[in-house]
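Being a predicted model, the structure only gives us computed values, none of them experimental.
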Protein chains: 2
Amino acid sequence: MANIHEVAKQAGVSSATVSRVLNNTSSVTEKTRQKVEQAIKELNYEPSMLGRNLRNSESRLLLVLIPNFSNPYYTEIINGIEDFSVERGYNILLCETDSNPTRENTFFNMVKNKLADGIISMDPTINMAKLQELAKKHSIVLCSEYDELERIPYVAIDNEAAAYKVMKHLIRLGHENIALINSDEKFLYARQRRKGYERALKEFDLPLRKEYIYNTNNLDFQGGAQAMRKLLQLDEIPTAAFAVSDTLAIGALKELNVKGMDVPDAFALVGFDNISFSNMTNPTLTTVAQPMYQMGIAAANMLIDQLQGKPVDSVMLEHELIIRESTLN
Amino acid sequence: MANIHEVAKQAGVSSATVSRVLNNTSSVTEKTRQKVEQAIKELNYEPSMLGRNLRNSESRLLLVLIPNFSNPYYTEIINGIEDFSVERGYNILLCETDSNPTRENTFFNMVKNKLADGIISMDPTINMAKLQELAKKHSIVLCSEYDELERIPYVAIDNEAAAYKVMKHLIRLGHENIALINSDEKFLYARQRRKGYERALKEFDLPLRKEYIYNTNNLDFQGGAQAMRKLLQLDEIPTAAFAVSDTLAIGALKELNVKGMDVPDAFALVGFDNISFSNMTNPTLTTVAQPMYQMGIAAANMLIDQLQGKPVDSVMLEHELIIRESTLN
DNA sequence: ATGAAAGCGCTAACAT
DNA sequence: ATGTTAGCGCTTTCAT
């Protein structure tokens, strides 16, 4: 592959001029431009990003950290990040941490040693202390899960309000025994959604029953199925459940199917995230929709602004309760 | 962030020696090594990949091309690619082409201008001619969908045999009117699976009915639902269907649910891919499992071997029919 | 065993 | 408007 000097030679100009044509950074005569472009075509020249990046000391690569690829919740956010980044001349590198500190370190190092310019983290399991340390010298944005101390800018939704809204919906349908299938409460969103759950109970004078709260450390289908299995073994079986993710809710629904419990007649169910599957289950799943694509756009926008030295502020976006068959009546 | 010269100065050696310590490429006295490592720690030094990559003219970045993030079929393959690549010192960049030629070109250019070392393409919609052109000078591997002329090494399964196996299973259950919900037959896998479908019909002396073959250009749930809607409008409604992806099958199943058709009693259904959700539907879905993780490993292995100048051969991996509730009896 | 120096491909400051 | 030159951070001959 030809380099910039060969192009310059071929065009009979200096490499600086070729660079000028490439980046149209300062004026070049139409005639020289023609010559250069001609030479570029003839030699089939493609500028080396390696050289350019070294010179500019930037990679135009953004890291997007997610715990694993398997959770469809992330895909739509990623689409937003991707679309926006590409538009502004950045590429994104999707990084699966597997909640593994070694992997995590690999990605942090990529930023430190200039292989990537910044990070959008959607990984709730991330080592927040290390990330904050990194944030002192590099650009970082959080998405979905955020830092309570707010030292790193984030884009998120009001989890407590969303959970409260879900509960209010269930309570209005007449449910009094409502379970919460929550994830590990070491995560901020889990604590926030629990808060909303409890606030609704209190406001409607319903008792808070410890045995109705199930914490799982497995966010996939299996986790939801197992949670429901436990709930159905209780002396007084709840009549509804709010699962903090659609994957959990779908697993729970499967378990209800297996046990022959009719949804929503015998048991009402609500999920969270509005993943595409949630509209394919039987019955379809009531859930909370986050403006995922918008969140992705916002996160990418904030990160790139930050990279370009502009000031950025955290944002809270709106959510929406989507009522479907699993809570009809 | 300190650079290699500052480390050298701090340690009282030359930058060449620091480089030697970093890459333990030639012998260095234990004492000097100590000094250097000390200096590295003190300055919190991280070698710049930008400099290293430019010098070595490699990026240690592999591109993985997929049509879009939303299809869970790819996730497990990606896991395999990722795990293996990281082990061999490469990172992967997940590239969503959206079947958009412009995006595609962006990624091809990344290889041309040294931002990435090679490509694993899982995108059936890719411009094969351009890819072949690129393959003349760069390392490329195909996964799942491949090049009939076999000029680019690939890892795949025997689609025709898999489709035949599915049909044989349905025919043995007594079905004679079996529909095929296929994707666009511009894709090789679609043609191959149709071949298997037809071969089974012929072998069992069943008529090939054109109206039982539905081609969709939309591989998601909606595509499957729409296909089933059409099939259920036929004069002689089929009693079973083979959908060439689980997403299609799940959409079809949803439509059957909506129409109140019992699966498998009134209608048997088979999918393809064994995505995790296929075990969460009601009823659970019979499907063909591909060894996705293994495919990912194999593809990454082939690409890295190729980059290192080793000869590589295409491979065909085994598949397996997973019988679940949607075809029980 | 270690150092000096060249150079990977590019851009930008400075000079003309 | 264009050319000259230095240098981004690293590795690797070639000397010593």
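Atom pair A/L22:CG and C/dA12:P shows a separation of 12 Å (rounding to whole Å applied). Here C/dC8 presents its C1' atom at 15 Å from CG of B/N113, a figure rounded to the nearest Å. In this structure, B/N3 atom CG and D/dG7 atom C1' are separated by 11 Å, rounded to whole Å. The distance between atom CG of A/L50 and atom P of C/dC8, rounded to the nearest whole Å, is 13 Å. Rounded to whole angstrom, the span from the CG atom of B/N23 across to the P atom of D/dT12 amounts to 7 Å. The distance from atom CG of B/N56 to atom P of D/dC8 is 19 Å, rounded to the nearest whole Å. D/dG9 atom P lies 10 Å from atom OH of B/Y45, rounded to whole Å. For the pair A/L43 CG and C/dG9 C1', the computed distance is 15 Å after rounding to whole Å.
Not one side-chain nitrogen or oxygen of B/T17 sits closer than 4.0 Å to the OP1 or OP2 atom of C/dT2. Contact between the side-chain N/O atoms of A/S19 and the OP1/OP2 oxygens of C/dT11 is found at a separation under 4.0 Å. Phosphate proximity of D/dG9 to B/R52: absent, as no side-chain N or O sits under 4.0 Å from OP1 or OP2.
Residue-level contact check: B/N53 touches neither bases nor backbone, having no heavy atom under 4.0 Å from any strand. At the heavy-atom level, A/T32 lies under 4.0 Å from the strands shown only through sugar-phosphate atoms.
The two residues B/P124 and B/Y74 come nearest to each other via the heavy atoms CD-OH, 3.9 Å.
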| message | Quick one, A/R103 with B/E82, criterion salt bridge (charged side-chain N to carboxylate O under 4.0 Å, His left out). Give me CA distance, side-chain angles, the key distance, then yes/no. | response | CA-CA 11 Å; A/R103 299 289 298 272; B/E82 169 102 17; 2.5 Å; yes
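The listed nucleotides are D/dC10, C/dT11, D/dT13; the one nearest the side chain of B/R20 is D/dT13. Distance from the side chain of B/S26 is smallest for C/dT2 among the nucleotides C/dT2, D/dT11, C/dT11. In the set D/dT13, C/dT11, D/dG9, the nucleotide with an atom closest to the side chain of A/R55 is C/dT11.
No side-chain heavy atom of B/D123 sits under 4.5 Å from any side-chain heavy atom of B/I66. Residues B/V315 and B/M302 meet the side-chain proximity criterion, which asks for heavy atoms closer than 4.5 Å. Contact check for B/E42 versus B/E37: no side-chain heavy atoms found under the 4.5 Å cut-off. Side-chain contact between B/P153 and B/Y146: absent, with no pair of heavy atoms (C-beta onward) separated by less than 4.5 Å. Between B/M122 and B/I78, some side-chain heavy-atom pair lies under the 4.5 Å cut-off. A/C143 has its side chain within reach of A/I77: a pair of non-hydrogen atoms, C-beta onward, lies under 4.5 Å apart. Between B/L142 and B/D147, some side-chain heavy-atom pair lies under the 4.5 Å cut-off.
Of the residues near DNA chain D, A/H5 and A/T29, the one whose nearest nucleotide (by heavy atom distance) lies more toward the 5' end is A/T29.
Note that OG of B/S139 is 10.0 Å distant from CD of B/Q308, once rounded to the nearest 0.5 Å.
Annotation: proximity of residues 7-16 of chain A to DNA chain D (heavy atom, distance under 4.0 Å) is found for A/G12, A/V13, A/S14, A/A16, numbered in ascending order.
Comparing the axis of the opening five pairs of the helix from C/dA1-D/dT16 to C/dT16-D/dA1 with that of the closing five pairs yields an angle of 40°, rounded to 10°.
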